[in-house]
There are 2 protein chains.
Amino acid sequence: MSKLLDQVNSPKDIKSFDVPRLQELAREIRDCILDVVLKKGGHLSSNLGVVELTIALHYVFDFDKDRLILDVGHQCYAHKILTGRKDNFGTLRSKGGIAGFPKREESIYDAANTGHSSTSASLACGMLRYGHDGAQIVALIGDGAMTGGLVYEAFNDVKTIGKKFIAVINNNDMSISKNVGSVAEYLRDLDSIRQPFREYGIKYYGSVDGHNLQDLIKAFTYARDCKNSIIINVHTQKGKGYEEAEKFPDKYHSYSPSHSDGMSFSSCVGKKLLEIAKKDKRAFAITAAMADGTGLDYIRRELPGQFVDVGIAEEHALCMASGMAISGAKPYFAVYSSFLQRAYDQIIHDMCLNDCAITLCIDRAGLVAGDGETHQGVYDLSYLRSVKNMTIAAPKDFEEAQDMLEWSVHFDHPLAMRYPKYVPVHKYSSHAPIALGSWEWLAHEDNEVVVLACGAVMNDLAISLHEKTGGFDIVNARFVKPMDGALLKSIANKKIITLEDNVREGGFGSGVAEYYISAGIPVPPMKIKAVDASKLTHASLPELMQLNGFTAEILQKDISSFKS
Amino acid sequence: MSKLLDQVNSPKDIKSFDVPRLQELAREIRDCILDVVLKKGGHLSSNLGVVELTIALHYVFDFDKDRLILDVGHQCYAHKILTGRKDNFGTLRSKGGIAGFPKREESIYDAANTGHSSTSASLACGMLRYGHDGAQIVALIGDGAMTGGLVYEAFNDVKTIGKKFIAVINNNDMSISKNVGSVAEYLRDLDSIRQPFREYGIKYYGSVDGHNLQDLIKAFTYARDCKNSIIINVHTQKGKGYEEAEKFPDKYHSYSPSHSDGMSFSSCVGKKLLEIAKKDKRAFAITAAMADGTGLDYIRRELPGQFVDVGIAEEHALCMASGMAISGAKPYFAVYSSFLQRAYDQIIHDMCLNDCAITLCIDRAGLVAGDGETHQGVYDLSYLRSVKNMTIAAPKDFEEAQDMLEWSVHFDHPLAMRYPKYVPVHKYSSHAPIALGSWEWLAHEDNEVVVLACGAVMNDLAISLHEKTGGFDIVNARFVKPMDGALLKSIANKKIITLEDNVREGGFGSGVAEYYISAGIPVPPMKIKAVDASKLTHASLPELMQLNGFTAEILQKDISSFKS
């Protein structure tokens, strides 16, 4: 019945539509998004919110030559449906299918591969500086992303460039959760401020109803035809058109049809942090706009005085936490691995060189399903292991994660604990007490081959094979820095296979080799099984595991070939 | 003759001084700074500019309980002289002496170890959030640092914290060079703007003459006694009181008494980039406020249309460069190694996942003399090696650096070339043509021990020993990623010593071990000689080399012990 959408194979096809037909098109696109996302999962609220906005952009601009840069990028569904990808839209987020984020390799209409927040204005500045003569460069940026400092570094540059820059603020008063801080207030009041953004030489076009196509077209036409750099403030409603998502936009931010209501690392970390904070007034839980995703909702509700949400501002989160730690507090910063990258200099310069007792609770570490390569948490072991004063832990299951957090209370130095979005399968009969750098034997029969498994996913992999075949030993390598030197020495005459859901370069296996070399011990025969970054894509976790050689079958072959 | 200064052993001692005596104290402090810095080197212009400002802060506030956070930190000299370190001030920047930046381990008056830009407001937010009840938290921030986005992430948080935040802007219209962009303009005009910073809930106190002690004391007293968060705008002159530095503040930003006017990696890279840009209109040289330090002054003068200075905004520099590269430009971002850390997510997310043909010209890589641990360029090999699509090169001398840049013009992927502030000693008779991943034999006599040397400093070290003793082979390992697999295979039966001025964890030597493990070749007997981050401090290059075991004598022992 999607009559109008059937006629739309490229954005050109909507140029002749009148407003009522565009409205009908919006309804069809919304149905298409709902249909696919409720089945396959994906970002729902944000995409439902920008349907009219996206139609109007494609109606007014010519993105065959103009460029549309989607900040963060997860609001790209209507854009993808309008730009020749509607027939494959049912493959959303599946391996080989349509990605959930913009991909240059997928379409000329995707201006840049984005996935993280607050980059669009900078990318736009670059596109203004080179190429695209006579073209219009449009950055679509959520108000949540306006907390990120990078936006202001870019705005600072606009006047110097001296070409027309267009930003459309998708203003829905939300990041994933409600926006926080002064910028959010400022953005709520833009219309009452005399010439907002004037210090950047950017004109302001006052609030537009983001679900009124006529108004949107008028605003974008004005922006297209004016000579100045301009910011258009568009008010949208997250989840628009789907009652449940309108009511609970955060719940439907990233929707999964098969979500379990059971425990996750996030929730067990969140619960433990609440318990710790109740006993220890020095303890604070910090998030950069991800309280729900990281399990900090427990502490937010019960102990708001020991909860801090700084908005999408990972650098500030960690630098501010350093200020707290220097003052004697005990901050826990819960953050997704791929977003922690944004605070790397703060990890080195503020947290670690000041030897601050901050604990990084690194969520979504390792392979991440669905979102694709921008969201993979596969670099953290490498970029953290090199930093002075840093300790790194990776628990095998929920209980060990909680034991580590309990242990962290009395650990007075930088600490990082990484864990995946993954529910461990194996039930462990016992848990060795946590001591700095201590590993744990999970199978210890003096076999020729020892598997050193780092983290929950890898321990499960090793154990699942061991239950079938036996014939090799397993160590839960639960600290990546420092390592268990005594244990490593004791297996120097064995053959070693290291398992990690981090890239090979500089990761856990690399650290094992370094240990032997530093200790002057010949490196035992070794295989490093690690992530190959070139194989990362949007796919399910089992698919990503398969692509990177993390299956019991392949591990079995690795072990066998080692023995022969 | 320093009569007044003789009476000042702690900030308390100036509380009873009247303004004329404080003025006399300022003269004495300025003389003391000039005396030491002209002999020993250090940051001159910035320190001469804040003498009165620092005296007034210590006069008004009580930094026994209040906290003074120095953004960047290199403007700390008057502060150090006033806080009990005047007698040792002559040891400035020497090993074991007074550091050139704030150090908590040196004094309770140093609130945080700083060295990089734009962190003070965030640190202050953390200190407001925990501890320091009834204390005043003061961030002293240069106008140059106000370009860095982190400042706005912090400002966004101030109102939420709900406690009084004090920022003093040291407004001299300079970063190291003249400030650029809209923020600079805005800061120049603050007095004419109605309620600047009001969106952050921060009161503004209009321009104060930063060399008038009476006005400064009045302003700071107002700030101390008012209830609101407040920003005080203080106009200072960089280099104040020393005619040469007033005239050429950038030249005297970081002064070295023994500066050579000869070639450096910076200047040879800068000259080569100018040559490339003349031939190739796609080529752009980008800096984050460091045109002089990175050698980009050549291209700035001769080809300003292909030169971009974004101010202190490393994230934007690289994200913007990604936008340029996506549009077909060929950007070269010249940046100090320790500051490149600030753009790590942009390296991964924008540059590398978009496979952008950006070249990072990483200056001040390896061990850095004088400035101490915040400025050491010892992490880059580790944090870059793990990133998808990245290629890493490290030339042995100026000519090879220029050859690599010439080669980079036709290389269409992310590239990082790292080099130190160091003038190579050895004159090489020939230079093997650059090919991706190719290494070069410098001494090839089929000895038992092969030294793989990474970068200019390490090649010089190996050669200087070889010239004395011979008896080992040397390879110039000029690509760190990819490595020269054929060469590594050919020496799999040797004993290998790797040399790098990067930390051990995940660095070059680690990569060599990984190579053998991945190739299924037993790791040959190996020693990794690398930087030990725990030994980094402010010291001369020879001292830092000694501390990390990089002397011909120690290398000789390593080789001998290997043979026996």
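By convention in this document, chain letters (A, B, ...) are assigned in the order of the sequence lines, proteins followed by strands, and residues within each chain are numbered from 1.
Side-chain contact between A/Ile528 and B/Ser518 is absent, with no heavy atoms from C-beta onward closer than 4.5 Å. Annotation: side chain of A/Arg129 is in contact with side chain of B/Val308 (closest heavy-atom distance under 4.5 Å). Between B/His316 and A/Asp157 the shortest side-chain heavy-atom distance falls below 4.5 Å. The shortest distance between side-chain heavy atoms of B/Arg194 and A/Arg194 does not fall below 4.5 Å. Between B/Glu153 and A/Met320 there is no side-chain heavy-atom pair separated by less than 4.5 Å.
A/Phe284 touches chain B through its side chain: at least one heavy atom from C-beta onward sits under 4.5 Å away, while N, CA, C and O do not. Of the two parts of B/Ala184, only the backbone, made up of N, CA, C and O, holds a non-hydrogen atom closer than 4.5 Å to a non-hydrogen atom of chain A. Both the backbone and the side chain of B/Arg282 have a heavy atom closer than 4.5 Å to some heavy atom of chain A. Interface remark: A/Lys481 contributes side-chain atoms only to the contact with chain B (heavy atom separation under 4.5 Å). Heavy-atom distances place the side chain of A/Arg104, and not its backbone, under 4.5 Å from chain B. Contacts of A/Tyr186 with chain B are made by side-chain atoms alone, with heavy-atom separations under 4.5 Å and no backbone atom involved. Only the side chain of A/Glu185 comes within less than 4.5 Å of a heavy atom in chain B; its backbone stays farther off. With a 4.5 Å cut-off on non-hydrogen atoms, B/Thr160 touches chain A through its side chain but not through its backbone. If you measure heavy-atom distances from A/Ala111 to chain B, the contacts under 4.5 Å come from the backbone alone. Residue B/Val183 touches chain A through both its backbone and its side chain, counting heavy-atom pairs closer than 4.5 Å. For A/Val503, the part sitting under 4.5 Å from any heavy atom of chain B is the side chain, from C-beta outward, and nothing else. Looking at A/Ala321, neither its backbone nor its side chain comes within 4.5 Å of chain B, counting heavy atoms on both sides.
Taking both residues in full, the closest heavy atoms of A/Ile517 and B/Ala513 are given as CD1-CB, 3.7 Å, listed atom of the first, atom of the second, then distance. Across all non-hydrogen atoms, the minimal contact from B/Asn156 to A/Val180 is ND2-O, 3.6 Å. Closest heavy-atom contact between A/Glu514 and B/Ser510: OE2-OG, 2.7 Å.
A search for side-chain hydrogen bond (donor to acceptor under 3.5 Å, both in side chains) contacts involving B/Lys535 returns nothing, not counting sequence neighbours. By the side chain to side chain contact (heavy atoms under 4.5 Å, CB included) test, A/Asp355 pairs with A/Asn389, A/His413, A/Pro414, sequence neighbours left out.
Judged purely by distance below 3.5 Å, without hydrogens or angles, the side chains of B/Ser182 and A/Glu199 never pair a donor atom with an acceptor atom.
Among B/Gly148, B/Gly507, B/Ser382, B/Ala154, the residue making the largest number of heavy-atom pairs under 4.5 Å with chain A is B/Ala154. In terms of heavy-atom pairs under 4.5 angstrom with chain A, the leader among B/Asn502, B/Val523, B/Leu353 is B/Leu353. Chain A forms more heavy-atom pairs under 4.5 Å with one residue of B/Gly131, B/Ser386, B/Ala124 than with any other, namely B/Ser386.
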Requested in this report: Would you sort out whether A/Asn113 and B/Asn354 count as a side-chain contact (heavy atoms from CB on, under 4.5 Å), showing the intermediate values?
Outcome: CA-CA 6 Å; A/Asn113 294 12; B/Asn354 279 298; 3.2 Å; yes
Between side-chain atoms of residues 343-350 of chain B and protein atoms elsewhere (two or more places apart, or another chain), which donor-acceptor pairs fall under 3.5 Å?
{"unit_1": "B/Tyr344", "atom_1": "OH", "unit_2": "B/Tyr383", "atom_2": "O", "d": "2.9"}
{"unit_1": "B/Asp345", "atom_1": "OD1", "unit_2": "A/His116", "atom_2": "ND1", "d": "3.1"}
{"unit_1": "B/Asp345", "atom_1": "OD1", "unit_2": "A/Gln341", "atom_2": "NE2", "d": "2.7"}
{"unit_1": "B/Asp345", "atom_1": "OD2", "unit_2": "A/His116", "atom_2": "ND1", "d": "2.7"}
{"unit_1": "B/Gln346", "atom_1": "NE2", "unit_2": "B/Glu315", "atom_2": "OE1", "d": "3.3"}
{"unit_1": "B/His349", "atom_1": "NE2", "unit_2": "A/Gly115", "atom_2": "N", "d": "2.9"}
{"unit_1": "B/His349", "atom_1": "NE2", "unit_2": "A/His116", "atom_2": "N", "d": "2.8"}

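For residues 322-331 of chain A, a heavy-atom distance under 4.5 Å to chain B picks out A/Ser322, A/Gly323, A/Met324, A/Ile326, A/Ser327, A/Gly328, A/Ala329, given by residue number.
To the nearest 0.5 angstrom, B/Glu505 atom CD is 12.0 Å from A/Lys388 atom NZ.
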